[in-house]
Structures are given as structure tokens and as C-alpha cells.
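Here the structure is laid out as C-alpha cells; the discussion comes afterwards.
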Amino acid sequence: MKDIRSLSLPEIEKYFTDIGESKYRAAQVYEWLWEKKVTDIDLMTSLPLSLRERLKNDFALPHLKTEIIQQGSDGTSKIGFRSPDNHIIEGVLIPSGSRMTACISPQAGCALNCSFCATGKLGFKRDLTPLEIFDQVTGLEKLAREMSVKRLSNIVLMGMGEPLLNYDNVCHAVKMISSGKGIGYSPRRIIISTAGITKNIRRIADDRLPVSLAISLHTANNKKRELIMPVTKSNPVTEIADAIKYYHQKTGSRISYEYLLLRDFNDTLSDARELAHFCRISPCKINLIEYNEVEGSPFKRSAPEKTYEFMKFLQSRNLVVNLRKSRGADIDAACGQLAGKHKTV
Ligand code: SF4
């Protein structure tokens, strides 16, 4: 059955005209769907009961259901959404001062199999639809409001899956999240974080998608990167650098790099030197991330003194560096840890 939210207002108007109903019913339905964001046709109480029954016969209104909420001692919340076909999709709310960042997923599972990541171990299940990506944002926004946060400060597509391998649906979702019909959220505050799918980094620039872009780099050394991120074999570091150059030339935007510090693997001064050299391509910001250790992964978190030295080195090269403390370690906040523990298809 067709999802009623996939219809435009003129399409809903046509439906009502075709069944001999007044056109104004379409505006009512549209308001229930997009302003009141109801999840059940029965809740459209301004429609007569008979009309609601007719709609239920003709359309579905599937939603992701918020099923698991785990609250960490540091305020981080991990949310497990269940899809109608029984996948667990992970979202995270990360508070920081008056800000609240929402991390959402573009796919159920992931095909890229990075060796430090729990989602990679689950394998790829399927792409999420634009509405499923959108539902994560509305679900997390509702929870944030319940925690007295007025608005999400950033939305990061960085949870389960690779956003640039679900390009069309992610673009559609970004439009919905940023349109007045959806949530009216500034696209600049939506961050797409990719493992480095070069073809689609260029496409973002060509399509002028007005989002912010982050690359999960984790090392600027191609050989090392191949060991932890198999996607590097088809998207080598040099090609990622070329795609970033292209992106910067076309958009003028600064890029962010995510860099997980893994003990004795990518946290030496020689790694920092390689990273600093790579960062010469274009203006950038580096987010160093403390690793949330994952069961079955050979990696450990970098020692605090190594982390500090690494950061100081980059700063001495005039690079903008943030250190992101590990969040939600007590609630399986590393991507894929929650889904791995709950029954799915
Ligand atoms: S880190 Fe990201 S790209 Fe790599 S396996 Fe995990 S979800 Fe996929």
C-alpha cells in the first residue's frame, strides 16, 4: 500500500476529487501529516470517521517507532528506532552546554565494514527511505524538547551506514528536513559525514547541496587506511584529496575531518605529520575523537598523553582542532552497538 506521506498536496487533492470528496479535505490531511505530524490516520479527528476508514483502506502511514532509549551518565541518549520491517535504526542525542546535536542514520547496517565499527559487523541491510531519515529527526527533536531543549543545534548523518551510498534518499531527506513543510532546519547545520565516496563528494558540489561536509578520515596514510577502511581500496586517499579540492573550488566551503585516535595505530607524531600535510588541500577543521571501544574490535583508545601530543602538534601547524571526548560509553553509543544487541530481521 502506498505511503500517504509520499504524496504531494496536489496529488492528495486529486485523490479526494476522484473519490467524490471536497478538495479542502486534502489541506486538512496535509496539515495532520506535516504540521501535527500524526503517526496514525485515526488521529486525524477533523475528518469524518468514514473518511478516515477510506484513507486507511487506500494508504499506509508507516513510521519508525521509538523503541529503545538509553540515557548515559554524561547526558548522551542513544535511541533505537524500529522500522516496520523490523530493523533497529540508531540515533543519538549529544548535549553540550545549551546545544544538542542529533546523530542519525542513513542506512540500516552498513556495507563498508570498517574494522573499528560495530555497524560494519552487522553487514548491510537496506537503504533508509527519505521519510525514515526524516522520522529520526522528528523523533529526536521530540525527545530533545522533552529534555527542555528548544531546538537541535546540528544534525549529523553519521550513524549507521554511509550517507553517500544512499545519495538520492539522503538529498531528498535533507530537502524535507530543511523545507518549511518539514522542520525548517538550516541545511548548513546538517552535516553529511562520509567515509570518502569520491564520486558523490563531487556530486554534492555539482548539485550545490547546501549541507556541510565531513570526511571520516582516521588516517592520511593510504596503506593504513586500507587496513581499517576497505572502502579505501576503491577510493584511495589521493582520490579523496582530489575530490575535496574539487568540492572546495566549487563551493568555497570548509571541510571537517573526523579522526578516531586508535592506540599505537594512528596516534603517533608521524601520523599527525601526515595528517597535517593532507590538510593543506583546503581550509578545514579537524575533530579528534576518543574511541569508544567495541567488542570484537582489536583497537583500543589512545592514551591521554598521546592524544594531547597529537593535538598540540596539529595546533602548532596552525590547524583548527577540536577534541571530542568519548560520549555515552556506558550506553553502547558507538554506532551499531545497540542494534547488534537487539533482535532484528
Ligand atoms: S564507520 Fe561508518 S562507514 Fe564504516 S562501517 Fe561503520 S557505519 Fe559503515
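In listed order, ligands and their atoms are each counted from 1.
- Side-chain N/O atoms of Tyr167 and Asp207 include a donor and acceptor closer than 3.5 Å.
- Within ligand 1, the atoms closer than 4.0 Å to a non-hydrogen atom of Gly120 are 5 (S), numbered from 1 in the order shown.
- In terms of modelled atom types and a separation under 3.5 Å, the side chain of Lys56 and the main chain of Asp42 share no donor-acceptor contact.
- With a 4.0 Å heavy-atom cut-off, ligand 1 is reached by no atom of Val231.
- The distance from ligand 1 to the heavy atoms of Asn113 drops below 4.0 Å at these ligand atoms: 5 (S).
- Taking backbone and side-chain atoms together, Cys110 has an N/O/S atom less than 2.8 Å away from atom 8 (Fe) of ligand 1.
- Side-chain polar atoms of Asn266 and Thr219 form no donor-acceptor pair below 3.5 angstrom.
- Side-chain contact between Arg189 and Arg151 is absent, with no heavy-atom pair separated by less than 4.5 Å.
- Shown in contact with Cys117 at under 4.0 Å from a heavy atom are these atoms of ligand 1, numbered in order with element: 1 (S), 5 (S), 6 (Fe), 7 (S).
- Side-chain atoms of Gln107 and Asn166 include no donor-acceptor pair closer than 3.5 Å.
- Without hydrogens or angle criteria, Arg5 side chain to Pro62 main chain gives a donor-acceptor distance under 3.5 Å.
- Counting the atoms of ligand 1 from 1 in the order shown, those under 4.0 Å from a heavy atom of Gly161 are 7 (S).
- Closest to atom 5 (S) of ligand 1 by heavy atom, among Cys114, Pro106, Gly159, Ser105, is Cys114.
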